[in-house]
Amino acid sequence: MMNQKVNAEMMQKFHIDHANKTIVMPKNIAKRASIYGTDEYNAFLAYQSIFPNYEIKIREIKKRSARKESKDSLRGLTYEYMERFLKSNGNEEQEEEYRLLRNPKHDDGLESEPKSYVEIRRWFLKTFPQVLEYQKRVDQILNGESA
């Protein structure tokens, strides 16, 4: 039987699925559980002795979140890129809006703080949604996904 210390620490690392009769553990814990004498090894043996008929399943840990992947598709979306895109694809009104967001100097002499990169990027992608669609398509091609 496992002692209280191992039980309390390892309870979060191992998941007992009684419905499917499995002991589920992340891949990194399984790797440590394969080393004789570690806490993970001792806990694994204890769980295995408590639930001898349960199957062992190793759960893969996802390396990248969806949020991280969406940020990758925006890599390279710099102020310089936005300015070049505006010159070749934007109209005069859009260029003026961009200038106002970047350098908010008003005709009446008033000056305010420029907007943050995130706010300008949000405006840019809302104004030119085709940029985001293009970047997503390029990411799909590079990742070997079909359309």
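Given the structure is predicted, the values throughout are model-derived calculations rather than measurements.
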Asker: Is the closest side-chain heavy-atom distance between Glu83 and Arg102 below 4.5 Å?
Answerer: yes

Asker: Assess, by modelled atom type and distance only, whether the side chains of Asp39 and Asn42 contain a donor and an acceptor separated by less than 3.5 Å.
Answerer: no

Asker: Does this structure show an ion pair linking Arg122 with Glu119, if we count only N-O contacts that are shorter than 4.0 Å?
Answerer: no

Asker: Classify the angle between the aromatic ring planes of Tyr81 and Phe124 as parallel (below 30°), tilted (30 to 60°) or perpendicular (above 60°).
Answerer: perpendicular

Asker: Would you check if Leu86 and Phe128 make a side-chain contact, meaning some heavy-atom pair closer than 4.5 Å?
Answerer: yes

Asker: Is there a chain of hydrophobic side chains (I, L, V, M, F, W, Y, each step under 4.5 Å between heavy atoms) that links Val24 to Ile16?
Answerer: no

Asker: Rounded at 0.5 Å granularity, tell me how far NE2 in His18 sits from OH in Tyr54.
Answerer: 5.0 Å

Asker: Once rounded to the nearest 0.5 Å, what's the spacing between atom CH2 of Trp123 and atom CG of Leu100?
Answerer: 10.0 Å

Asker: Could you tell me which non-hydrogen atom of Val131 sits nearest to which non-hydrogen atom of Leu77, and how far apart they are?
Answerer: CG1-CD1, 4.4 Å

Asker: Salt bridge check: are Glu80 and Arg84 linked by an N-O gap of less than 4.0 Å?
Answerer: yes

Asker: Starting at NZ of Lys87, measure out to OH of Tyr98 and round the result to the nearest 0.5 Å.
Answerer: 9.5 Å

Asker: Which heavy-atom pair separates Gly90 from Gln94 by the least distance, and what is that distance?
Answerer: CA-OE1, 3.2 Å

Asker: Test side-chain contact (heavy atoms from CB on, under 4.5 Å) on Glu95 and Arg99; report intermediate values, then the result.
Answerer: CA-CA 6 Å; Glu95 287 183 39; Arg99 275 194 296 278; 3.9 Å; yes

Asker: Can you name the closest pair of heavy atoms from Met25 and Ala30 and give their distance?
Answerer: SD-CA, 3.5 Å

Asker: With a cut-off of under 6.0 Å to the ring centre and 45° to the axis, is Arg32 in cation-pi contact with Tyr41?
Answerer: no

Asker: Show the nearest heavy-atom pair for residues Lys115 and Ile120, with the distance to one decimal.
Answerer: O-CD1, 3.6 Å

Asker: Mind checking the CD-OG1 spacing from Glu93 to Thr127? Nearest 0.5 Å is all I need.
Answerer: 9.5 Å

Asker: Give the minimum heavy-atom separation between Phe44 and Ala33, together with the two atoms involved.
Answerer: CB-CB, 4.1 Å

Asker: Around Gln130, counting heavy atoms of other residues, nucleotides and ligands shown, do more than 12 lie under 6.0 Å from its CD?
Answerer: yes

Asker: About how many Å separate CG of Asn53 and OG1 of Thr22, when rounded to the nearest 0.5 Å?
Answerer: 13.0 Å

Asker: Is any NZ, NE, NH1 or NH2 atom of the basic residue among Lys13 and Glu40 found under 4.0 Å from an Asp or Glu carboxylate oxygen of the other?
Answerer: yes

Asker: For Ala43 and Phe14, work out which heavy atoms get closest and say how close.
Answerer: CB-CE1, 3.8 Å

Asker: Going by side-chain heavy atoms closer than 4.5 Å, which hydrophobic residues are tied to Leu142, directly or by a chain of links?
Answerer: Tyr134, Val138

Asker: Look up atom CE in Met82 and atom CG in Leu125, then write down how far apart they are to the nearest 0.5 Å.
Answerer: 7.5 Å

